[in-house]
Amino acid sequence: MSGAHAVVLMYHRVSLDGARPEEGDFALPTWLFEGQMRRLASEGRPVVSLSQFVSGRFEDGSVVLTFDDGCDTDATIALPRLLEMRFPAAFFVNPATVGTRGRLGWPQVERLAAAGMRIGSHGLDHSLLDGLAPGELERQLTLSRRFIEERLGSEVDILSLPGGTGGRAALETARRVGYRLVFGSRPGRVARGRLILPVPRHAVRQRHGLEGFRATVEQRLGFHLVQALRYRALQALRTVIGPKAYVRWSQRMAPPPGDGDGGLG
Ligand SMILES: [Zn+2]
């Protein structure tokens with residue numbers, strides 16, 4: 001039973017209609033997203049729920065689907081396709097941006113939850129968590145959770161770190177205020193029985209197309225290594241020049257297709 005691995009995929013917007021420049025190639029054309037879902041289905045690849053994933057009840061090659069940022073396409077495009085394929089997924093929203101242009105409204109968040117999808121926090125307003133004062137860090141994690149819980153009337157215990165930021169301080173705060181599962185943006189696969197936090201995820205990017213998607217879900221080592229090295233290089237750069245300068249840099253250096261969310265998720 002040992003040796004099984006799963007890959008957690010991180011999606012953002014799944015339509016180029018209404019995509020913002022800063023979303024870069026994290027925004028996928030709908031045909032590409034549909035092609036990816038069809039491929040998972042036709043291969044018979046197991047797409048597992050978070051509870052199966054956490055409990056280790058998954059076979060080798062399983063995939064977990066997650067969506068960050070609460071884009072309106074979560075409800076308008078992703079949900080119908082997921083229901084058709086009977087794929088479970090988790091959606092991470094920022095309560096401060098729910099109901100704003102291009103984002104989910106609360107009725108849509110409720111619809112996702114009613115359809116059996118998991119809803120989690122992506123922070124209050126997508127502030128990057130690196131270097132936040134402890135009080136503000138705690139506010140981002142507790143208020144976001146409380147808003148969603150009040151709206152849905154159910155417990156929220158999963159968190160996706162905005163831009164993969166926050167490091168150990170965010171992880172410790174998240175645990176202390178009651179999150180059970182925290183997702184990051186560092187690429188990597190997850191070995192059954194060895195769940196580490198933050199859970200590594202692979203960003204699904206437009207530029208990777210269907211071939212890069214296949215390489216990711218098939219856990220081809222070369223592709224994983226390239227993604228891991230690229231992530232480390234970007235993270236080192238962000239550490240050196242600071243998060244704000246990094247976001248400015250990545251927006252200037254990488255016009256679409258570029259690096260939405262600062263290139264790190
Ligand atoms: Zn995000």
Side-chain angles (χ1 to χ4, degrees), residues 8-16 18-28 33 50 64-75 77-78 89-104 108-109 112 117-132 136-137 139-141 143-145 147-148 156 158-167 170-171 173-174 179 181-187 197-206 208 227 230-231 234-235 238 243-244 246-251 254 256-265:
V8 184
L9 300 177
M10 170 174 59
Y11 282 96
H12 294 81
R13 182 174 302 281
V14 287
S15 167
L16 298 186
R20 303 172 192 183
E22 67 268 23
E23 291 175 329
D25 80 340
F26 280 160
L28 303 189
F33 174 68
L50 282 192
V64 176
L65 302 176
T66 69
F67 293 77
D68 277 14
D69 293 4
C71 299
D72 52 3
T73 59
D74 290 355
I77 292 171
F91 294 84
F92 296 96
V93 304
N94 304 103
T97 62
V98 171
T100 62
R101 198 164 64 87
R103 303 290 159 184
L104 295 166
Q108 291 176 308
V109 178
L112 289 166
M117 303 297 163
R118 287 284 294 272
I119 308 295
S121 164
H122 194 37
L124 189 56
D125 54 13
H126 211 282
S127 292
L128 299 182
L129 305 178
D130 284 335
L132 285 187
E136 176 58 17
L137 176 57
R139 198 179 76 93
Q140 288 284 335
L141 302 193
L143 273 190
S144 56
R145 180 174 184 225
F147 280 131
I148 304 168
V156 169
I158 56 175
L159 170 72
S160 154
L161 299 168
T165 56
L171 208 50
T173 305
Y179 288 101
L181 202 51
V182 180
F183 291 88
S185 306
R186 180 188 294 275
L197 299 187
V199 177
R201 290 188 295 174
H202 278 278
V204 182
R205 292 166 171 274
Q206 183 181 346
H208 294 159
Q227 296 309 308
R230 180 176 186 277
Y231 181 86
L234 288 173
Q235 207 176 37
R238 187 162 71 183
K244 288 207 176 101
Y246 174 81
V247 169
R248 283 199 302 275
W249 173 84
S250 62
Q251 285 171 0
D259 288 322
D261 238 1
L264 298 168

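Just so you know, ligand 1 is whichever comes first in the structure, and atom 1 is the first atom listed for that ligand. Bear in mind the structure is a predicted one, so any value in this text is a computation, not a measurement.
- By the 4.5 Å heavy-atom criterion applied to side chains, N94 and D125 are not counted as neighbours.
- Taken to the nearest 0.5 Å, the CG atom of L197 stands 6.0 Å off from the CG atom of L181.
- Note: angle at the Zn ion (ligand 1), from NE2 of H122 to NE2 of H126, is 90° (rounded to 10 degrees).
- For a distance bound of 2.8 Å, the N, O or S atoms of H12 include none lying that close to the Zn ion (ligand 1).
- Between R103 and Q108, the closest heavy-atom pair is O-OE1, 4.2 Å.
- Under 2.8 Å from the Zn ion (ligand 1) lies an N/O/S atom of D69, whether from backbone or side chain.
- Note on E22 versus R13: no salt bridge recorded, every NZ/NE/NH1/NH2 to OD/OE distance being 4.0 Å or above.
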